[in-house]
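Encoded as structure tokens, the structure appears first; notes follow it.
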Number of protein chains: 2
Amino acid sequence: MSDAKAATLNTRIRADISERILSGAWPPGHRIPFEHELMVQYGCSRMTVNKALAPLAESGLLVRRKRAGTFVSRPRIHSVVLDIPDIAAEVSGRGETYGYDLLSRKVRQATRREVEELDLSAPGPIVVLRCLHRAGGRPFALEERLINLESVPEAQAVDFARTAPGSWLLGHVPWTEAEHRISAANVERATAQVLGIEATAACLVLQRRTWRGTDKITHVRLIFPGDAYDLVARFAPSPGAPPRPTA
Amino acid sequence: MSDAKAATLNTRIRADISERILSGAWPPGHRIPFEHELMVQYGCSRMTVNKALAPLAESGLLVRRKRAGTFVSRPRIHSVVLDIPDIAAEVSGRGETYGYDLLSRKVRQATRREVEELDLSAPGPIVVLRCLHRAGGRPFALEERLINLESVPEAQAVDFARTAPGSWLLGHVPWTEAEHRISAANVERATAQVLGIEATAACLVLQRRTWRGTDKITHVRLIFPGDAYDLVARFAPSPGAPPRPTA
DNA sequence: CGGTTCGTTATGTCTATACAATATCGCGAC
DNA sequence: GTCGCGATATTGTATAGACATAACGAACCG
């Protein structure tokens, strides 16, 4: 990184320390200098050192123990940030024209399986949608969407013929929690036909459930032909901006 | 949230604000109170307010502009944290016994394809490994691993008959950058046979490249039978525990 | 009218200090 | 020896004040 930039003290301390850790100079388990020592070393106040170290600890690079000191953490779990983009954005980002078709729309009680997918406690009214996303005329992804009408009654009045449910929900219903599940699967013959692929072709399946507090909002299953889409995640533990969900 | 307590002021301010945003009370684009106002409201110093808001801005929930104020940002991308566990840990975490077999090990010059996979600038000596990870006796994942001997010459002396290359590398070679790619694919007949699955069965393919600075370290392709493994990511933008990418 | 300057305002960073919480260490009692 | 407990070192959180930085807007001048 050519950070020829605004090196504030805070930034410099963080950079120095994570550089030493990532280069291996300070191996996992190593005790790094005390706040008091760093404060002398950098000629700054302890608050500044503390403000620099706190995010590194929060991010898991360091472990801090009172009375003991600050240590380089050992668990090297591969934890990565994955951006799951809006499909329309993804498609037009590739320079292809985005297309959307509503295949079916039903309002009914949730089946036992749908109750489970939506994490409901009991069967209730839901909207069931099947939509096809296209890229440059060719099928790009099949969307199977459930919306819980008990949490989102407004959805009953929307026909989703032109607006993809994902976009509508994003604009209308805030969420507080989401769970993603990524898997590979063979799909049913009918699904393969809609997607224009061989029945044996592997598909990438992305499922997402979202909640608002304890209210169940929606469940979506996106099915991508295996050759259409790769999820890519890049992780560069730069000392600068820790990409973080929140807080 | 029934987090019973340990509410420091810092925590409370963050919790209040993200709650208001996530509940929709403060919609995207809304200007939240100035630091000075919050400082009066909570009866604390501006430093404390600043320390509470800074991480929210860093995480993307807020956008701060000098002279203008602090605004709720429009969240568009679903950004999730994915933990890609060590396979041994994953298997024993399920209560199954973990097994490991080295299928083949070669040291040779990188082919054109391997040069690309490792992001090399020119063909050089590499170690090529094929390993099978088993869970409770049954195949769990096939690992195809390339190690760049120019960056990691020690790897030439290791035979990997008992230690999985992932574990060895984690303990011996620090890395600074990684790229992950997740896809679904049909595999070759020989691969299917090793995994004990039908040749048409969909597989989840996880590829990872790692660098240390500009040095290329390794490339690994993990192939999971589609029914063996789901990657799960949970994202709860609660002010509590910040899941985060890290080394 | 158009461009420049300068003041105002909000955030960004840092300091010096204070007190609280807590884990570890070492000492003394048994 | 070992157990318990208190002293103490280290981090956690907060404060009030200071100066830096950036951007908007209004006043000023050509």
Side-chain angles (χ1 to χ4, degrees), chain A residues 3-18 20-21 26 29-74 238-242 244 247, chain B residues 3-18 21 26 29-73 239-242 244:
Chain A
D3 9 49
K5 299 256 123 149
T8 66
L9 240 186
N10 191 314
T11 309
R12 261 190 50 219
I13 297 176
R14 269 198 277 187
D16 283 2
I17 288 175
S18 37
R20 260 175 272 222
I21 293 173
W26 287 348
H30 181 255
R31 209 214 74 225
I32 80 167
F34 297 125
E35 289 191 352
H36 187 261
E37 300 177 83
L38 289 171
M39 147 188 165
V40 172
Q41 194 171 315
Y42 285 94
C44 66
S45 74
R46 193 169 73 87
M47 257 310 278
T48 304
V49 174
N50 187 286
K51 272 189 81 166
L53 296 187
L56 291 182
E58 222 174 73
S59 82
L61 206 60
L62 296 176
V63 171
R64 319 197 68 187
R65 277 172 26 232
K66 303 190 182 191
R67 167 72 218 231
T70 301
F71 302 83
V72 178
S73 66
R74 35 185 86 255
S238 70
R244 278 193 319 170
Chain B
D3 359 70
K5 308 359 143 112
T8 66
L9 240 186
N10 192 314
T11 310
R12 262 191 48 219
I13 298 177
R14 270 198 274 187
D16 284 1
I17 288 175
S18 35
I21 293 173
W26 287 349
H30 181 256
R31 208 215 72 225
I32 78 168
F34 297 126
E35 289 191 353
H36 186 262
E37 299 178 84
L38 290 171
M39 147 187 166
V40 171
Q41 193 171 313
Y42 285 93
C44 65
S45 73
R46 194 169 73 87
M47 255 311 276
T48 304
V49 173
N50 188 287
K51 271 188 82 167
L53 296 189
L56 292 182
E58 223 173 72
S59 81
L61 208 59
L62 296 176
V63 172
R64 319 197 67 183
R65 279 181 13 239
K66 304 192 182 192
R67 164 76 217 227
T70 301
F71 302 82
V72 178
S73 67
R244 260 237 6 190

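Note that this is a predicted model, so its numbers are computed, not measured. In the text below, chain A, chain B and the rest are named by the order of the sequence lines, each starting its count at 1.
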message: Side chain of Thr8(A) only, heavy atoms from C-beta on: which candidate in dT15(C), dT11(C), dC14(C) is closest?
response: dC14(C)

- prompt: Quick one: is Arg46(A) getting a side-chain N or O under 4.0 Å of the dT15(C) phosphate, OP1 or OP2?
  reply: no

query: So, is Arg65(A) near the phosphate of dT24(C), with a side-chain N or O under 4.0 Å from OP1 or OP2?
result: yes

task: Quickly work out the Met47(B) CE to dT11(C) C1' distance and round it to whole Å.
output: 12 Å

query: Just wondering, are more than 12 heavy atoms of other shown residues or ligands nearer than 6.0 Å to CZ in Arg31(B)?
result: yes

- prompt: Once you round it to whole Å, what is the distance between P of dC14(C) and NZ of Lys51(B)?
  reply: 13 Å

query: Want to settle it: does Pro33(B) or Gly43(A) sit nearer the 5' end of DNA chain C, counting the closest nucleotide to each?
result: Pro33(B)

message: For His30(B), I'd like to know if atom NE2 has over 12 heavy atoms of other residues, nucleotides or ligands within 6.0 Å.
response: yes

message: Nearest to the Phe34(A) side chain among dG12(D), dA10(C), dT10(D), which nucleotide is it?
response: dT10(D)

- prompt: Looking at Asn10(A), does any N or O in its side chain come under 4.0 Å of the phosphate oxygens OP1/OP2 on dT13(C)?
  reply: no

task: Let me know the distance between CE of Met39(A) and C1' of dA16(C), rounded to the nearest Å.
output: 9 Å

Comparing Ala68(A) and Tyr42(A) on DNA chain C - which has the more 5′ nearest nucleotide: Tyr42(A)

query: Is any side-chain heavy atom of Thr48(A) closer than 4.5 Å to a side-chain heavy atom of Tyr42(A)?
result: no

task: Ignoring hydrogens and angles, tell me if any N or O in the side chain of Ser73(B) forms a donor-acceptor pair with the backbone of Val63(B) under 3.5 Å.
output: no

message: At 4.0 Å (heavy atoms only), tell me whether Leu9(B) reaches a base, stays on the sugar-phosphate, or touches nothing.
response: sugar-phosphate

Separation of dA21(C) P from Glu35(A) CD (nearest whole Å): 18 Å

- prompt: Rounded to the nearest Å, what distance is computed from the NZ atom of residue Lys66(B) to the P atom of nucleotide dG25(D)?
  reply: 18 Å

task: Could you check how far CG of Leu56(A) sits from C1' of dT11(D), rounded to whole Å?
output: 15 Å

message: Whole angstroms only, please: what is the CZ-C1' distance between Phe71(B) and dA23(D)?
response: 12 Å

task: Can you check whether any acceptor in the base of dT24(C) is under 3.5 Å from a donor in the side chain of Arg67(A), or vice versa?
output: yes

- prompt: OP1 or OP2 of dT13(D) sitting under 4.0 Å from any side-chain N/O of Thr48(B)?
  reply: no

- request: Take atom CZ of Arg31(B) and atom C1' of dC24(D), then tell me their distance rounded to the nearest Å.
  value: 14 Å

field: Short side-chain N/O contact to dT11(C) OP1/OP2 from Asn50(B), under 4.0 Å
entry: no

task: Decide salt bridge (charged side-chain N to carboxylate O under 4.0 Å, His left out) for Glu58(A) and Arg14(A); before the verdict, give the C-alpha distance in whole Å, the side-chain angles of both, and the deciding distance to 0.1 Å.
output: CA-CA 13 Å; Glu58(A) 222 174 73; Arg14(A) 269 198 277 187; over 6 Å; no

- request: Taking only the side-chain nitrogens and oxygens of Thr70(A), find out if one of them lies under 4.0 Å from OP1 or OP2 of dT11(D).
  value: yes

